[in-house]
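We're numbering straight along the sequence, starting at 1. Only this structure's heavy atoms are used, side chains among them; waters, hydrogens and symmetry mates stay out.
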Amino acid sequence: MSFFAFDAAPLATAVRCTDAELVVTISDGRVLSVPLAWFPRLARASAAQLGRFELLGGGDGIHWPELDEDVSIRGLLEGRPSIEYRAKSA
C-alpha cells in the first residue's frame with residue numbers, strides 16, 4: 001500500500017469586516033474571526049477602506065494597500081495580533 005501526506009496550507013477564500021471583527025473564510029471550510037482591535041490600522045479605517053483588500057499568494061495573506069496593512073492567514077490561525085497591538089498592550 002502506498003500513500004502520501006498532503007499538508008496544504010489553509011488559504012483565505014473570503015474576507016469581511018464587521019464593526020468589531022475581521023472574519024476570514026478558510027479554504028478548508030473554517031470561518032475565523034478575530035477582534036478588529038488586533039489591527040489598529042484596520043480598526044481606524046472606514047468601511048469603504050476595509051472593503052478594498054487583496055488576497056496575496058492565492059490566499060496566504062490579506063493586503064489593504066490604502067491602509068498599508070498585511071495580515072497572514074498563518075498568523076491569524078496562530079492567534080497573533082499585529083506588532084502595533086502587541087506594543088500597545090505591553
Salt bridge (Lys or Arg N to Asp or Glu O under 4.0 Å) partners for R30, two or more places apart = D28
Just jot down the salt bridge (Lys or Arg N to Asp or Glu O under 4.0 Å) partners of R86, sequence neighbours excluded, or say none.
-> none
What pairs with R74 under side chain to side chain donor-acceptor pair (under 3.5 Å), at least two apart in sequence or on another chain?
-> none
P81 and G79 have their tightest heavy-atom pair at CD-O, 3.3 Å
Grouping ILVMFWY residues whenever side-chain heavy atoms fall under 4.5 Å, the cluster of V31 otherwise contains V23
Transitive ILVMFWY cluster of W38 at side-chain heavy atoms under 4.5 Å: who else is in it?
-> V15, L22, V24, I26, L32, V34, L36, F39, L42, L50, F53, L55, I62, W64, L67, V71, I73, L76, L77, Y85
Only counting residues at least two apart or in another chain, list the ones meeting salt bridge (Lys or Arg N to Asp or Glu O under 4.0 Å) with R16.
-> none
Side chain to side chain donor-acceptor pair (under 3.5 Å) partners of Q49, counting only residues at least two apart | S46, E66
At their closest point, which heavy atom of A43 faces which heavy atom of A37, and how far apart are they?
-> CB-CA, 4.3 Å
Sequence-distant partners of D70, side chain to side chain contact (heavy atoms under 4.5 Å, CB included), two or more places apart = L56, H63
E54: salt bridge (Lys or Arg N to Asp or Glu O under 4.0 Å) partners, not counting sequence neighbours | none
